[in-house]
Amino acid sequence: MHAFGLDVTRKDEVDLALAALPEPWSRIDVLVNNAGKALGRDAVHEAEDRHIDGMIETNVRGLLHVTRAVLPGMLKRGRGHVINIGSTASRWIYPGGATYCATKAAVAALTEGLKMDLHGTPIRVSSVDPGLVETEFSLVRFDGDRKRADEVYADMTPLSAEDVARSVVFVAGQPAHVNILQVVMLPTDQSSSSMVHRRPTSGGTTRA
Ligand SMILES: NC(=O)c1ccc[n+]([C@@H]2O[C@H](COP(=O)([O-])OP(=O)(O)OC[C@H]3O[C@@H](n4cnc5c(N)ncnc54)[C@H](OP(=O)(O)O)[C@@H]3O)[C@@H](O)[C@H]2O)c1
């Protein structure tokens, strides 16, 4: 294993770090664009600038920085797979989530567009788009407010990071002629952004 820290929002840092990778790690076969965040749950006109900027910088520009740094090598070697972690937020817009949803809609557009840009090459492009996954995501979104973060996953069974990873492995493990473009995965307890089945204490169907 070769691990290193990287701020995807900093193009110069991304370019330098990837150019400095030692062998054999410099030959990247699978890029999983996972870095991303939601910040706040406020209306667009009331949200903090740092929240709006943080989401766009990380979820869109960061993904572009890393992808653009990795793709030339993949094209040169004639093999590679870009797997973007999108979200059901790209299709289900919810109040207070407009900017986050917009960034994930951008990820969906980049996935589809990149597949076209790479048409005729062996490079594959996919997205894995989960619904509710219990990670640090909500804690980050609510600036460390544990109670508010826990409420997101209360009385239901969310996806785990392992569930999402299993889909990524499935997508990456297909034969070279198979390109899964998109995987949409939900907890069984979730049917839309606003339909989450909670039991037994709060019961019924409530907002996420
Ligand atoms: N959790 C959900 O319900 C859910 C649903 C759909 C999609 N997603 C997507 O899943 C992906 C992973 O999120 P998660 O749920 O695992 O949340 P998480 O636990 O907060 O993890 C986010 C990861 O992104 C990294 N990251 C954030 N900003 C970065 C930056 N500028 N440069 C490099 N790395 C950065 C974080 O690193 P540090 O810890 O070092 O900051 C962390 O490893 C995101 O793209 C998110 O939008 C999550």
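Treat the numbers as computed from the prediction; the structure is a model and nothing was measured. Indexing begins at 1, ligand by ligand and atom by atom, following the structure's order.
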Lys37 neighbourhood, listing ligand 1 atoms whose heavy-atom distance to it stays under 4.0 Å: 27 (C), 28 (N)

Check: Glu48 side chain, Arg50 main-chain N or O, donor-acceptor pair, under 3.5 Å: no

Interfacing atoms of ligand 1 (cut-off 4.0 Å, heavy-atom, Tyr100): 7 (C), 8 (N), 46 (C), 47 (O)

Closest protein heavy atom (residue, atom, distance) for atom 5 (C) of ligand 1: Gly131 O, 3.0 Å

Protein heavy atom at shortest distance from atom 7 (C) of ligand 1: Gly86 O, 3.2 Å

For atom 10 (O) of ligand 1, closest protein heavy-atom neighbour: Ile85 CG2, 3.4 Å

4.0 Å heavy-atom contact, Ala161 with ligand 1: no

Nearest protein heavy atom under 4.0 Å from atom 42 (C) of ligand 1, yes or no: no

Face-on cation placement of Arg141 at Tyr100 ring, 6.0 Å and 45° thresholds: yes

Neighbour count >12 (heavy atoms, 6.0 Å) for atom CZ, Arg77: yes

Lys104, portion touching ligand 1 at heavy-atom distance under 4.0 Å: side chain

Shortest heavy-atom approach to atom 23 (C) of ligand 1 - which of Asn34, Leu132, Val32, Val140: Asn34

Asn59 (side chain) donor-acceptor with Thr103 (main chain) under 3.5 angstrom: no

Carboxylate-amine/guanidinium contact Asp29 Arg79, below 4.0 Å: yes

Any non-hydrogen protein atom less than 4.0 Å away from atom 37 (O) of ligand 1: no

Any donor-acceptor pair under 3.5 Å from Arg124 side chain to Lys115 backbone: no

Nearest-option assignment for atom 1 (N) of ligand 1, heavy atoms, candidates Val107, Val133, Val14, Val8: Val133

Winner among Val66, Val152, Thr135 once heavy atoms are compared against atom 14 (P) of ligand 1: Thr135

Shortest protein contact, atom 18 (P) of ligand 1 (heavy atom only): Phe137 N, 3.8 Å

Leu75 and Leu118, any side-chain heavy atoms less than 4.5 Å apart: yes

Backbone of Leu132 reached by a side-chain donor or acceptor of Gln190 within 3.5 Å: yes

Side-chain donor-acceptor pair present, Thr67, Asn33, cut-off under 3.5 Å: yes

Atom 6 (C) of ligand 1: nearest protein contact (heavy atom, Å): Pro130 O, 3.2 Å

Ligand 1 atoms in contact with Gly36 (distance to a heavy atom under 4.0 Å): 22 (C), 24 (O), 44 (C), 45 (O)

Backbone of Ser194 reached by a side-chain donor or acceptor of Ser192 within 3.5 Å: yes

Greater than 12 external heavy atoms within 6.0 Å of His119's NE2: no

Heavy atom of protein inside 4.0 Å of atom 28 (N) of ligand 1, strictly below: yes

Heavy atom of the protein closest to atom 35 (C) of ligand 1 (residue, atom name, distance): Ala35 CB, 3.6 Å

Nearest protein heavy atom with distance in Å, relative to atom 19 (O) of ligand 1: Glu136 N, 3.1 Å

Identity of the nearest option to atom 33 (C) of ligand 1, non-hydrogen atoms only, from Thr58, Leu6, Asp7: Leu6

Side chains of Ser87 and Asp129 in contact at under 4.5 Å (non-hydrogen atoms): no

Numbered atoms and elements of ligand 1 in range of Thr9, under 4.0 angstrom, heavy atoms: 31 (N)

